[in-house]
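Computed from a predicted model, the values in this text were never measured in an experiment.
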Protein chains: 2
Amino acid sequence: MKEPRFDCAVDAAMSVIEGRWKTVIMCQLAHRREPMRYNQLMSGIPGISPRIFTLQLKEMEKDGLIIRDVRSESPKHVEYSLSPRGLSLLPILVSLAEWGLKNMFPNRVRFEANATMPERSDLERAGLC
Amino acid sequence: MKEPRFDCAVDAAMSVIEGRWKTVIMCQLAHRREPMRYNQLMSGIPGISPRIFTLQLKEMEKDGLIIRDVRSESPKHVEYSLSPRGLSLLPILVSLAEWGLKNMFPNRVRFEANATMPERSDLERAGLC
DNA sequence: CCGTATCCCAGCAGATACTG
DNA sequence: CAGTATCTGCTGGGATACGG
């Protein structure tokens, strides 16, 4: 993602949370509930390489989802934490996780097929395109 | 995306809604509130090319978000609609859109900075990693 | 009308080694 | 400790033309 997309509100939000590891990083920070250091955070995410990890962090910082706090140089000590904006995204990630549990792991939770179409007024108030 | 990711529930959900145009397509279908035909749907999405459009539709169908219904051959008539599963995702897209409005268009709505950390029990019940 | 076929490319992502 | 540097590959996305 170079620049966030602004065509519609959902798309704008998606452009900020898309990225192979961003939601995972947010989950880690949410789970630990306190600022985390670079290696501490990375070691909780198996399979990520330092380059990609740094890139994702940089984008998330630029988009205001996380805060990077340099506590000391040599020995360098940096702490990452969720910003208020990132925090405000957590309830949505929780909803997504619940949806994922129901729909992607059908063996664990039975799929609820009784969803109904939301009112159009709700859609429009939310700027859903 | 080749195969959905299953490491954690959020990631699993994200792997299904990621894709340059998927949320936009869902928005269109949600807004119109009735089955839409290929060209009708595509013409509501400026900038998309037929190849990509078809690819996104195929993936969404495979992931059970939409239903593809062939009503007749020659003249070919196909209708796309949201499945129950796709429908069940709409409330989350609405939340995302609201978040996007607040955070990506700060001129239109003032940013609310009073979010608080959800309880860890909520996170874990949702399978948030 | 509803797509494929073909070609192309930028950018994301990964592995590994290295440094202030 | 917290990152860069470098190289490399893949694949998602795009333009355009054509086909059943």
inquiry  = What's A/Glu79 touching, base or sugar-phosphate or nothing? Going by heavy atoms closer than 4.0 Å.
reply    = nothing
message = Are B/Leu41 and B/Ile67 linked, directly or through intermediate hydrophobic residues, by side-chain heavy-atom contacts shorter than 4.5 Å (ILVMFWY only)?
response = no
ask   = Is the phosphate of C/dG3, meaning OP1 or OP2, less than 4.0 Å from a side-chain N or O of B/Arg37?
value = no
ask   = B/Glu61 CD to C/dC2 C1': how many Å, rounded?
value = 14 Å
request  = Go through D/dC1, C/dC2, D/dG3 for me and flag the one nearest to the A/Asn39 side chain.
outcome  = D/dC1
query = Is there a side-chain polar atom (N or O) of B/Lys22 under 4.0 Å from OP1 or OP2 of D/dG13?
reply = no
remark   = Rounded to whole Å, CG of A/Leu55 lies from P of C/dG11 at a distance of 13 Å
query = Whole Å only: how far is the CG atom of B/Asp69 from the P atom of C/dG3?
reply = 11 Å
inquiry  = Donor-acceptor pair, distance only, cut-off 3.5 Å: does the side chain of A/Tyr80 make one with the backbone of A/Glu61?
reply    = no
Pairwise 5' ranking along DNA chain D for B/Ile52 and A/Pro75, keeping only the more 5' one = A/Pro75
ask   = Think A/Tyr80 has a side-chain N or O under 4.0 angstrom from the OP1 or OP2 of D/dC1?
value = no
key: side chain to side chain contact (heavy atoms under 4.5 Å, CB included) against B/Asp122, all qualifying residues, sequence neighbours excluded   = B/Glu119, B/Arg125
Side chain A/Ser72, main chain A/Pro75, donor-acceptor under 3.5 Å = yes
task = Have a look at B/Arg71 and say if it touches a base, only the backbone sugar-phosphate, or nothing, with a 4.0 Å heavy-atom cut-off.
result = nothing
query = Can you check the A/Arg68 CZ to D/dA2 C1' distance for me, whole Å?
reply = 8 Å
ask   = Between B/Leu29 and B/Ser81, which heavy-atom pair has the shortest distance, and what is it?
value = CD1-C, 4.2 Å
request  = Could you tell me whether the side chain of A/Ser95 and the main chain of B/Ile92 form a donor-acceptor pair under 3.5 Å?
outcome  = no
key: A/Met14 CE - D/dG13 P separation (whole Å)   = 11 Å
message = Does C/dC12 have its OP1 or OP2 closer than 4.0 Å to a side-chain nitrogen or oxygen of A/Gln56?
response = no
request  = Report, as a single string ordered 5' to 3', how protein heavy atoms within less than 4.0 Å touch nucleotides 15-20 of chain D: B base, S sugar-phosphate only, - not at all.
outcome  = BB----
task = Round to a whole Å and report the spacing from CD of B/Glu18 to C1' of C/dG11.
result = 15 Å
key: Value in whole Å for how far the C1' atom of D/dC1 lies from CZ of A/Phe53   = 13 Å
note = Residue set satisfying side chain to side chain contact (heavy atoms under 4.5 Å, CB included) with B/Gln56, at least two apart, ordered chain then number -> B/Trp21, B/Lys22, B/Ile25, B/Ile52
message = Without decimals, in angstroms, what is the distance between A/Met42 CE and C/dT16 C1'?
response = 13 Å
message = Please determine whether a side-chain nitrogen or oxygen atom of B/Lys58 lies at a distance below 4.0 Å from atom OP1 or OP2 of C/dT4.
response = yes
